[in-house]
There are 2 protein chains.
Amino acid sequence: MNYSISEENYIKAIYHLQGESGTVTTNALAEKLSTKAASVTDMMKKLSAKKLLNYKPYYGFTLSTEGKKVALFIIRRHRLWEFFLSQKLGFDWEEVHQLAEELEHVSNKVLIDRLDEFLGFPPFDPHGDPIPDSKGRIASRNNLPLSLLPKNKPGIVCQVTNQSAEMLELLKHKSIGIGTKLEVRKHFPFDQSLELKIKKQIVTISEQLAKNIFVTYDENAN
Amino acid sequence: MNYSISEENYIKAIYHLQGESGTVTTNALAEKLSTKAASVTDMMKKLSAKKLLNYKPYYGFTLSTEGKKVALFIIRRHRLWEFFLSQKLGFDWEEVHQLAEELEHVSNKVLIDRLDEFLGFPPFDPHGDPIPDSKGRIASRNNLPLSLLPKNKPGIVCQVTNQSAEMLELLKHKSIGIGTKLEVRKHFPFDQSLELKIKKQIVTISEQLAKNIFVTYDENAN
DNA sequence: TTTAAAATTTAGACAAATCTAAAAAATGAC
DNA sequence: GTCATTTTTTAGATTTGTCTAAATTTTAAA
Ligand SMILES: [Mn+2]
Ligand SMILES: [Mn+2]
Ligand SMILES: [Mn+2]
Ligand SMILES: [Mn+2]
């Protein structure tokens with residue numbers, strides 16, 4: 001019922017790597033955690049013994065139902081602290097992740113539920129990622145990758161699915177953040193780059209960047 | 001410059017035990033940390049090597065100047081989080097200590113300074129203990145142990161110097177908290193017990209309890 | 001001043017988490 | 001299908017923090 005910081009970091013990393021039920025490999029996890037394959041195997045045995053994993057040696061692993069539950073509670077903590085750091089302490093969205101990496105391991109349930117309440121039960125974190133509620137449920141949203149936003153229809157940025165320093169630096173430079181209103185003006189099939197209108201400015205972004213930006217778009221709006 | 005959770009717990013415990021420059025013994029520290037004397041000796045060697053301690057084998061130890069600085073920063077974190085938990089999340093003063101025990105180990109300086117600012121630079125925590133500022137300075141206050149409060153002069157409880165669950169339970173029962181206004185009505189030399197007037201009620205407290213309650217008293221007030 | 005008791009340190013062991021290097025298993029090119 | 005390459009696991013070591021039991025040092029009583 002109570003896991004070490006190291007165990008929690010592994011569980012969370014597996015959750016993110018496996019996405020919608022894919023199997024995770026030893027090397028991929030080692031890479032993600034900046035550790036060695038041998039260390040991963042050791043930890044997989046341990047998490048397996050604790051029934052958090054479906055693990056078949058040599059063939060990778062996925063989280064068990066219990067493992068997913070644990071992961072969602074870690075992610076809940078992480079994203080609530082990110083929201084707190086951003087909204088209450090005024091940190092930029094590229095700073096909050098590192099700090100939340102530490103705070104997420106303080107795992108008292110009542111503390112987290114009170115924090116949630118204090119923050120007004122935010123459904124999304126500063127990067128637009130959903131915050132699991134106290135039961136581990138995640139709000140869904142009709143997201144659209146920027147590449148599928150119809151031309152000349154206003155969309156609002158609601159999520160960025162890569163939060164590397166490099167990505168966030170680029171977004172900042174282009175004045176794109178959560179809540180930014182924009183329209184696609186041009187799409188160049190040669191390299192899939194896009195020209196956007198943002199606050200009366202024309203901004204060009206690459207395919208790689210566009211792939212990581214999601215928008216909401218009200219089809220019934222004018 | 002960066003210390004493990006275990007090291008931090010030892011440093012803080014030494015700080016509290018040594019008070020105003022007393023020497024701390026191996027057994028006292030083991031007791032305080034619910035560990036064994038042998039473990040303490042091991043850690044003392046380590047902290048000594050890091051120049052955080054003045055350590056003479058068999059004769060106890062005190063924190064070095066650097067060690068005190070580290071201790072004050074840990075205590076700053078602890079008390080700021082206690083204040084946050086109490087004021088923002090609505091926890092009772094007997095609950096905040098345990099939670100702060102974990103949060104105190106998240107040691108990013110900018111985070112703590114921003115938290116301090118967010119909270120309005122509180123000088124005292126929910127138990128009335130002073131919160132070191134970002135330079136490690138502690139506000140002083142003309143405190144008076146309740147036993148020295150002149151009879152029939154109003155005092156305001158500003159600090160309780162024992163925060164055991166037992167003590168806080170008793171205080172709650174007697175409706176005494178930080179900010180409580182009271183007057184000493186009677187003092188019984190036989191057992192040093194006191195009769196207090198609190199909001200028109202007469203309350204009796206023991207010597208042990210009185211010793212841990214400190215009040216402010218304005219000599220110039222009427 | 002001797003000696004028994006108490007306090008402290010040392011010795012040796014163990015669990016957790018990590019690493020490097022070697023062995024074993026799976027995979028894919030031929 | 002064989003075999004070299006890649007991936008994964010195992011073996012053995014290391015660091016941190018802890019423990020018990022034994023040895024050492026201090027202390028305080030007789
Ligand atoms: Mn983490
Ligand atoms: Mn996030
Ligand atoms: Mn602690
Ligand atoms: Mn306190």
Side-chain angles (χ1 to χ4, degrees), chain A residues 1-15 17-18 22-64 67 70-71 74 101-102 104-107, chain B residues 1-15 17-18 22-64 67 70-71 74 101-102 104-107:
Chain A
M1 215 63 188
N2 234 20
Y3 303 101
S4 72
I5 290 177
S6 208
E7 287 171 326
E8 289 189 345
N9 285 337
Y10 275 92
I11 293 164
K12 189 167 64 119
I14 296 168
Y15 182 91
L17 283 176
Q18 79 179 47
T23 289
V24 180
T25 66
T26 304
N27 270 353
L29 188 48
E31 158 85 356
K32 175 124 183 163
L33 292 171
S34 305
T35 185
K36 297 299 151 75
S39 306
V40 170
T41 302
D42 285 347
M43 185 59 91
M44 292 311 97
K45 285 182 193 162
K46 202 158 81 158
L47 297 182
S48 216
K50 295 189 180 183
K51 307 240 185 271
L52 298 176
L53 280 189
N54 308 114
Y55 174 42
K56 190 178 162 206
Y58 289 103
Y59 288 90
F61 26 81
T62 56
L63 290 175
S64 67
V70 174
I74 301 167
E101 277 301 313
E102 293 190 55
E104 71 186 1
H105 301 293
V106 177
S107 67
Chain B
M1 212 66 188
N2 233 22
Y3 304 101
S4 72
I5 290 177
S6 211
E7 287 171 325
E8 289 189 344
N9 285 337
Y10 275 92
I11 293 164
K12 189 167 63 122
I14 296 168
Y15 182 91
L17 283 175
Q18 80 178 47
T23 288
V24 180
T25 67
T26 303
N27 270 353
L29 188 49
E31 158 86 356
K32 175 125 183 160
L33 291 170
S34 305
T35 185
K36 298 299 151 75
S39 306
V40 169
T41 302
D42 286 347
M43 185 59 92
M44 292 310 98
K45 285 182 193 163
K46 202 158 79 156
L47 296 181
S48 216
K50 295 190 180 183
K51 308 239 183 272
L52 298 176
L53 281 188
N54 308 115
Y55 174 42
K56 190 178 162 206
Y58 289 102
Y59 288 91
F61 26 80
T62 57
L63 290 174
S64 66
V70 174
I74 301 167
E101 277 300 314
E102 294 190 55
E104 72 187 359
H105 301 293
V106 176
S107 68

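Just so it is clear: chains get the letters A, B, ... in the order the sequence lines come, proteins before strands, and each one is counted from 1. As the structure is a prediction and not an experimental result, all values here were calculated from the model.
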query = Distance check: side-chain N/O of Thr35(A) vs OP1/OP2 of dT18(C), anything under 4.0 Å?
reply = no
task = Considering non-hydrogen atoms only, spot the tightest contact between Leu63(B) and Ala71(B) and give its length.
result = CD1-CB, 3.9 Å
Value in whole Å for how far the P atom of dA16(C) lies from CG of Leu47(A) = 12 Å
inquiry  = Quick check against the 3.5 Å criterion: does Glu8(B) have a side-chain atom that pairs as donor or acceptor with the backbone of Ile74(B)?
reply    = no
Using residues 31-41 of chain A as the side-chain source, report each donor-acceptor pair under 3.5 Å to any protein atom, sequence neighbours left out, with the distance given to one decimal.
unit_1: Thr41(A); atom_1: OG1; unit_2: Ala37(A); atom_2: O; d: 3.3

request  = Using a 4.0 Å heavy-atom cut-off across all strands, classify Ser6(A) as base, sugar-phosphate, or nothing.
outcome  = sugar-phosphate
message = Below the 4.0 Å mark, does dT20(C) have OP1 or OP2 next to a side-chain nitrogen or oxygen of Lys36(A)?
response = yes
note = Letter by letter from the 5' end, nucleotides 8-14 of chain C scores (B base, S sugar-phosphate only, - none; protein heavy atoms under 4.0 Å) BBB----
task = Measure from OH on Tyr3(B) to C1' on dT16(D) and round the result to the nearest Å.
result = 16 Å
request  = Ignoring backbone atoms, establish whether Ser4(A) has a side-chain N or O less than 4.0 Å from OP1 or OP2 of dA16(C).
outcome  = no
task = Drop me the distance from Leu29(A)'s CG to Tyr10(A)'s OH, to the nearest 0.5 angstrom.
result = 6.5 Å
query = Rounded to the nearest 0.5 Å, how far does OG of Ser48(A) lie from NZ of Lys56(A)?
reply = 13.0 Å
key: Value rounded to 0.5 Å, distance of NZ in Lys12(B) from CD in Glu101(B)   = 3.5 Å
query = How many Å lie between CG on Leu29(A) and P on dT7(D), as a whole number?
reply = 15 Å
